[in-house]
Undergrad: 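So that we are looking at the same thing, I have put the structure below in structure tokens.
Letters A, B, ... are given to chains in the order of the sequence lines, protein chains preceding strands, and every chain is numbered from 1.
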There are 2 protein chains.
Amino acid sequence: MLIRTPADLGAVIRDRRKRLKLDQSSLAKQIGVSRQWVIEIEHGHPRAELALVLRALDALGIPVDAGGQQTTSRGPARSGVDINAIVTKAKKGKT
Amino acid sequence: MLIRTPADLGAVIRDRRKRLKLDQSSLAKQIGVSRQWVIEIEHGHPRAELALVLRALDALGIPVDAGGQQTTSRGPARSGVDINAIVTKAKKGKT
DNA sequence: ATCCAATGTCAGCGTTCGGTTACATTATCA
DNA sequence: TGATAATGTAACCGAACGCTGACATTGGAT
């Protein structure tokens with residue numbers, strides 16, 4: 001599963017939690033956070049703390065892999081990334 | 001690269017940024033955050049906001065994959081996760 | 001050696017986090 | 001049907017976020 005938004009992450013976490021037959025309270029204890037936190041994460045809270053998120057994934061046994069290869073043929077940061085354009089524009093746009 | 005800590009993430013981001021020949025300011029603009037933020041992330045800031053982190057990875061074209069399959073034979077959340085134990089203990093431990 | 005870009009550090013500020021506690025709304029089960 | 005658990009919501013609070021802006025340090029280039 002590719003994670004690109006907090007919602008994606010929430011889905012993954014919730015899915016795994018249920019698969020493990022854990023309720024939010026139990027999971028919260030495993031992770032070391034409040035039940036509230038679990039609820040919000042599963043709902044896709046965008047401003048959750050990085051470390052807690054990583055701990056949650058770890059607690060659930062969900063490995064997170066980054067940068068296998070950027071075939072990026074779908075959209076946001078796209079493949080080629082016009083470095084020249086970026087740099088140039090960035091420099092110009094100093095104002 | 002497996003991401004398990006904020007530091008791992010910082011390393012990945014910095015690496016990719018340099019690979020793309022972007023300076024922190026430019027990247028910050030790409031992501032839509034302050035230069036400060038980029039600096040802190042690259043230093044492994046543990047409490048960064050999830051959404052910003054995902055946006056950074058996205059901007060750098062770094063795909064994030066979670067839960068390919070939990071062959072989990074290495075450590076943190078352990079492989080089999082003793083559901084019974086967890087649930088049972090959790091229920092007991094309500095205080 | 002000098003100049004400039006890049007990086008890192010500091011402090012102040014408004015906003016929000018995450019924890020806590022309590023309560024409402026389902027579900028599930030006997 | 002009633003009871004219990006699971007989930008979701010709300011408000012309060014201290015702590016930290018991320019932003020701004022300025023400044024020190026480093027590094028590469030000429």
Side-chain angles (χ1 to χ4, degrees), chain A residues 5-60 81 83-95, chain B residues 5-60 81 83-95:
Chain A
T5 71
D8 291 342
L9 199 116
V12 169
I13 288 181
R14 175 162 225 160
D15 188 60
R16 185 64 125 245
R17 176 174 66 77
K18 295 209 160 170
R19 208 180 285 291
L20 293 179
K21 295 284 192 302
L22 287 170
D23 56 66
Q24 298 174 331
S25 299
S26 304
L27 177 57
K29 281 184 185 172
Q30 296 286 305
I31 303 172
V33 298
S34 68
R35 186 169 68 88
Q36 253 304 328
W37 188 87
V38 173
I39 291 174
E40 303 205 334
I41 271 294
E42 295 193 347
H43 284 212
H45 186 160
R47 314 179 64 152
E49 290 187 12
L50 176 59
L52 296 185
V53 170
L54 292 178
R55 233 154 72 201
L57 292 170
D58 211 55
L60 288 167
V81 183
I83 301 173
N84 286 342
I86 295 175
V87 179
T88 305
K89 196 158 58 172
K91 288 192 174 182
K92 263 60 181 354
K94 261 304 175 53
T95 305
Chain B
T5 71
D8 291 342
L9 199 115
V12 169
I13 288 180
R14 176 163 225 159
D15 187 62
R16 185 63 128 245
R17 176 174 66 78
K18 295 209 158 170
R19 208 180 285 291
L20 293 179
K21 295 283 193 302
L22 287 171
D23 56 70
Q24 297 174 333
S25 297
S26 303
L27 177 57
K29 280 184 185 170
Q30 297 286 304
I31 304 172
V33 298
S34 68
R35 187 168 68 88
Q36 254 302 329
W37 188 87
V38 173
I39 291 175
E40 303 206 331
I41 271 294
E42 295 192 347
H43 283 221
H45 185 163
R47 315 177 69 150
E49 290 186 12
L50 176 58
L52 296 185
V53 169
L54 292 178
R55 234 155 70 203
L57 292 170
D58 211 55
L60 288 168
V81 182
I83 301 172
N84 286 341
I86 294 174
V87 179
T88 305
K89 197 157 58 174
K91 287 191 174 182
K92 263 60 179 358
K94 261 303 174 56
T95 303

Undergrad: Note down the inter-axis angle between the two ends of the helix from dA1(C)-dT30(D) to dA30(C)-dT1(D), five pairs each, to the nearest 10°.
TA: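 Roughly 50° between the end axes, to the nearest 10°.
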Undergrad: So does Gln24(A) get a side-chain nitrogen or oxygen closer than 4.0 Å to the phosphate oxygens (OP1/OP2) of dG8(D)?
TA: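 Indeed, a polar side-chain atom of Gln24(A) lies that close.
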Undergrad: Provide, to the nearest angstrom, the distance between the CG atom belonging to Leu27(A) and the P atom belonging to dA6(D).
TA: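 Computing the Leu27(A):CG to dA6(D):P distance gives 13 Å.
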Undergrad: State, with a plain yes or no, whether a side-chain heavy atom of His45(A) is found less than 4.5 Å away from one of Arg47(A).
TA: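 Counting from C-beta outward, His45(A) and Arg47(A) do come under 4.5 Å.
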Undergrad: Could you give the NZ-to-P distance, from Lys29(A) to dA6(D), as a whole number of Å?
TA: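 After rounding, the gap between these two atoms is 11 Å.
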Undergrad: Would you kindly give the NZ-to-P distance between Lys18(A) and dA27(C), to the nearest whole Å?
TA: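 The answer, rounded to whole Å, is 11 Å.
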Undergrad: Suppose we screen for salt bridge (charged side-chain N to carboxylate O under 4.0 Å, His left out). Which residues come up paired with Arg55(B), at least two apart in sequence or across chains?
TA: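 Scan of Arg55(B) (salt bridge (charged side-chain N to carboxylate O under 4.0 Å, His left out), adjacent residues dropped) gives none.
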Undergrad: Could you go step by step and tell me if Val38(B) and Ile13(B) meet the side-chain contact (heavy atoms from CB on, under 4.5 Å) rule?
TA: CA-CA 9 Å; Val38(B) 173; Ile13(B) 288 180; 5.7 Å; no
Undergrad: Rounded to the nearest 0.5 Å, how far apart are CG of Leu52(B) and CG of Asp58(B)?
TA: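 The CG atom of Leu52(B) sits 12.5 Å away from the CG atom of Asp58(B).
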Undergrad: Among all residues two or more places apart in sequence or in another chain, which pass the salt bridge (charged side-chain N to carboxylate O under 4.0 Å, His left out) test with Glu42(A)?
TA: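 For Glu42(A) the salt bridge (charged side-chain N to carboxylate O under 4.0 Å, His left out) partners, ignoring immediate neighbours, are Arg14(A), Arg17(A).
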Undergrad: Measure the distance from CG on Asp23(A) to C1' on dG8(D) and round it to the nearest whole Å.
TA: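 In whole Å, dG8(D) C1' and Asp23(A) CG are 14 Å from each other.
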Undergrad: Mind checking what makes side chain to side chain contact (heavy atoms under 4.5 Å, CB included) contact with Ala51(A), not counting sequence neighbours?
TA: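 Partners of Ala51(A) under the side chain to side chain contact (heavy atoms under 4.5 Å, CB included) test: Pro6(B), Pro46(B).
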Undergrad: Quick one, Leu60(A) with Val12(A), criterion side-chain contact (heavy atoms from CB on, under 4.5 Å). Give me CA distance, side-chain angles, the key distance, then yes/no.
TA: CA-CA 10 Å; Leu60(A) 288 167; Val12(A) 169; over 6 Å; no
Undergrad: Using the side-chain contact (heavy atoms from CB on, under 4.5 Å) rule, take Leu9(B) and Leu57(B) through it: C-alpha gap first, then chi angles, then the decisive distance, then the call.
TA: CA-CA 9 Å; Leu9(B) 199 115; Leu57(B) 292 170; 4.2 Å; yes
Undergrad: Taking only the side-chain nitrogens and oxygens of Arg17(A), find out if one of them lies under 4.0 Å from OP1 or OP2 of dT7(D).
TA: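 For dT7(D), OP1/OP2 do have a side-chain N/O of Arg17(A) under 4.0 Å.
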Undergrad: Can you pull out the residues from residues 7-15 of chain A that lie within a 4.0 Å heavy-atom distance of DNA chain C?
TA: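 Within residues 7-15 of chain A, no residue comes under 4.0 Å of DNA chain C.
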Undergrad: How does protein contact run along nucleotides 9-23 of chain D, one letter per nucleotide 5' to 3', with B for base contact, S for sugar-phosphate only, - for none, heavy atoms under 4.0 Å?
TA: BB-----SSSSB-B-
Undergrad: Do Gln24(A) and Ile39(A) touch side chain to side chain, with heavy atoms closer than 4.5 Å?
TA: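 Yes; the side chains approach each other to less than 4.5 Å.
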Undergrad: Grab the CD1-P distance between Ile41(B) and dG8(C) for me, whole Å please.
TA: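 Distance, rounded to whole Å: 13 Å.
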Undergrad: Taking salt bridge (charged side-chain N to carboxylate O under 4.0 Å, His left out) as the test, write out the residues that go with Arg35(B), two or more places apart.
TA: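 With neighbours one apart ignored, the set is empty.
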Undergrad: Who passes salt bridge (charged side-chain N to carboxylate O under 4.0 Å, His left out) against Asp8(A), sequence neighbours left out?
TA: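 Checked Asp8(A) against salt bridge (charged side-chain N to carboxylate O under 4.0 Å, His left out); zero matches.
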